[in-house]
Number of protein chains: 2
Amino acid sequence: MERTPHCLIVEDDREIGGLLSRFLAKHGFRVSMVPDGKAMRRVLSESGIDIVVLDVMLPGEGGLELCRRLRLESNIPVILLTALGEETDRIIGLEMGADDYVAKPFNQRELLARMRAVMRRASSLPYDARAVPLRVMTFAGWRVDLAKRQLQAPDDTLVVLTSGEFDLLVALCQHPQRVLSREQLLDLTVGRAADAGDRSVDIRISRLRRKIEPDPKNPKIITTVRSGGYFFAAEVALT
Amino acid sequence: MERTPHCLIVEDDREIGGLLSRFLAKHGFRVSMVPDGKAMRRVLSESGIDIVVLDVMLPGEGGLELCRRLRLESNIPVILLTALGEETDRIIGLEMGADDYVAKPFNQRELLARMRAVMRRASSLPYDARAVPLRVMTFAGWRVDLAKRQLQAPDDTLVVLTSGEFDLLVALCQHPQRVLSREQLLDLTVGRAADAGDRSVDIRISRLRRKIEPDPKNPKIITTVRSGGYFFAAEVALT
DNA sequence: GATTATTGTAACAAAGTATTTCGGGGCATG
DNA sequence: CATGCCCCGAAATACTTTGTTACAATAATC
């Protein structure tokens, strides 16, 4: 089962945005769209975004500035939409750290091809260089090593997690002390939207608890928020 | 003290090459230029090259094949010059490990911007992209000698790998701490695309584990990422 | 306390992965 | 050109991980 890439469009023109959304959705992307930088940052912190398509002409902060600031804290692939012929924008965009640009009005298929190329490139970077800036997180004596994909118990033994369990733990650790809905967890881990009646998150939580909770019947680290989702209660330190 | 980046242009068209040389020299590069792959390898082994600009259309071995082989033994940033519209070249190029591409006829400033972007990215990697091709890699006490194609165990005994196993190990070592799909591994090792239902990578992984994992049933060095591929967990040092 | 909504988990089914066996084919040797 | 050797991958089989279904347990509501 391949992970559906989740793309975030930052575009204030609803018409262009809508067109683009439909096109990308038709070609196998999950699509989210926001009109400005503030919303962009919110979505980025809450969802598993694989690539950002960013209009350079935005109200408030311009796209170039957004791109620069985004680069300061992550390496999520960014494609800029620039006005036609604005060569300066394109050059500056690349200098700001964008991965590619497409001139408006753009050929949708070209955009798609560039998005795929950029994502392929990004996914070929070693772990350290990618969107997740942290290599090790610790909570309640446990140690999550992202670089090795290993979990170390407080007594320093290695606890074997399946890769699904590991991904879930990482998603939780990266959003501690917040309620995460099942929907969000699904997005952050397998990059998929939930069908009705999907209990897969529940059961993964259950299996993870069995491995990390001292008393799985009375979970203290991963608590349940009824009709809300799950809550990672431990404090997480990043190293 | 910043050192002047040294760029190697591989281009058989003297006119394009000359133009490019002058332009890059004007913008602060040391520039070397060669017409083919053989000369490229010589220069690489003798000079400290920081980035390679590689034409895909070359006499003899094509640029794509050169790029793939270059990736097998070094991490030097590579930018491909592709014919306009040859999307296939671009995609394949990126799969061969190129860091970026520019379509001919190209805008020089754009090439410059991309070169800078790629070099910036490369220098932010955990171990720098290196001008000198790699000869020895070590991980978890093991020692992989690329020149002799030998593997030395932590206790200094030689472990005999078949050449397929060795290639696989090298591919993994060169992309540590990231998930490599079966397709990527096939590509990196035998340079071939996978048919449906190809399990040959699995088998080779299995055989390799038997030789290097302390407990092949509980692999710690090469871990499995379900529906993702394989993951080289050990830290790799280049020497 | 009875009722309803929601979550927990066992047990099964489905999908994906590991490993063995076995035969083809390459390669050196005689 | 036969022979032996070894590497490789297809097929078969065994095993693991994952999601679904079903029902039990728990919490919220009346």
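In what follows, chains carry the letters A, B, and so on, assigned in the order in which the sequence lines appear, proteins first and then strands, with residues in each chain numbered from 1.
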### Interatomic distance, B:Phe166 CZ vs D:dC7 C1' [rounded to whole Å]
17 Å
#### Entry: Atom pair distance, as rounded to whole Å: CZ in A:Arg210 and P in C:dA11
11 Å
### Query
Between B:Cys173 and B:Met137, what is the shortest heavy-atom contact and its length?
CB-CE, 3.6 Å
### Task
Considering just the side-chain nitrogens and oxygens of A:Thr224, establish if one lies under 4.0 Å of OP1 or OP2 belonging to C:dG8.
yes
Using distance only, find each side-chain donor-acceptor pair of residues 158-171 of chain A under 3.5 Å and give its atom names and separation, not counting sequence neighbours.
from, atom 1, to, atom 2, distance (Å)
A:Thr162, OG1, A:Glu165, N, 3.3
A:Thr162, OG1, A:Glu165, OE1, 3.4
A:Ser163, OG, B:Arg226, N, 3.3
A:Glu165, OE1, A:Thr162, N, 3.0
A:Glu165, OE1, A:Lys211, NZ, 2.8
A:Asp167, OD1, A:Arg149, NH1, 3.4
A:Asp167, OD1, A:Arg149, NH2, 3.2

### Message
If I take atom CD1 in residue A:Ile222 and atom P in nucleotide C:dT9, what distance separates them, rounded to the nearest angstrom?
### Response
12 Å
### Query
OP1 or OP2 of C:dA18 less than 4.0 angstrom from a side-chain nitrogen or oxygen of B:Tyr230, does that happen here?
yes
### Message
For a quick check under 3.5 Å, do A:Ser47 and A:Arg42 share a side-chain donor-acceptor pair by atom type?
### Response
no
### Summary
Taken to the nearest whole Å, CG/B:Asp202 to P/D:dA12 is 17 Å
### Under-4.0 Å salt bridge between A:Arg135 and B:Glu235
yes
Distances for protein N/O vs nucleotides 20-23 of chain D N/O pairs under 3.5 angstrom?
from, atom 1, to, atom 2, distance (Å)
D:dT20, OP2, A:Asp198, OD1, 3.4

Polar atom pairs (N or O), protein with nucleotides 26-30 of chain D, under 3.5 Å:
from, atom 1, to, atom 2, distance (Å)
D:dT26, O2, A:Arg226, NH2, 3.0

### Message
Going by ring-ring contact (aromatic ring centres under 6.0 Å, His included), name the pairs with one or both residues in residues 16-37 of chain A, residues two or more places apart or in two chains.
### Response
A:Phe23-A:His27
### Task
Measure from the side-chain heavy atoms of B:Arg204 and tell me the nearest of D:dG9, C:dA18, C:dT9.
D:dG9
### Message
Check the phosphate of D:dT18 against A:Thr162, side-chain N and O only, distance under 4.0 Å to OP1 or OP2. Yes or no?
### Response
yes
#### Entry: Any side-chain donor near an acceptor of the partner, A:Arg182 and A:Tyr230, under 3.5 Å
yes
#### Entry: Distance test, side-chain N/O of A:Ser163 to OP1/OP2 of D:dT18, below 4.0 Å
yes
### Task
Send over the distance from B:Leu208 CG to D:dC7 P, rounded to a whole Å.
14 Å
#### Entry: Nearest-Å distance for atom pair NZ/C1', residues B:Lys217 and C:dT17
12 Å
### Message
If we ignore hydrogens and angles and just use 3.5 Å, is the side chain of B:Asp99 paired with the main-chain N or O of B:Val78 as donor and acceptor?
### Response
yes
#### Entry: Which residues share a ring-ring contact (aromatic ring centres under 6.0 Å, His included) with B:Phe232, sequence neighbours left out
B:Phe139
### Task
Could you list the residues that satisfy side-chain contact (heavy atoms from CB on, under 4.5 Å) with A:Ser32, not counting sequence neighbours?
A:His6, A:Leu8
### Query
Taking CG from A:Leu161 and P from D:dT16, how many angstroms apart are they, rounded to a whole number?
17 Å
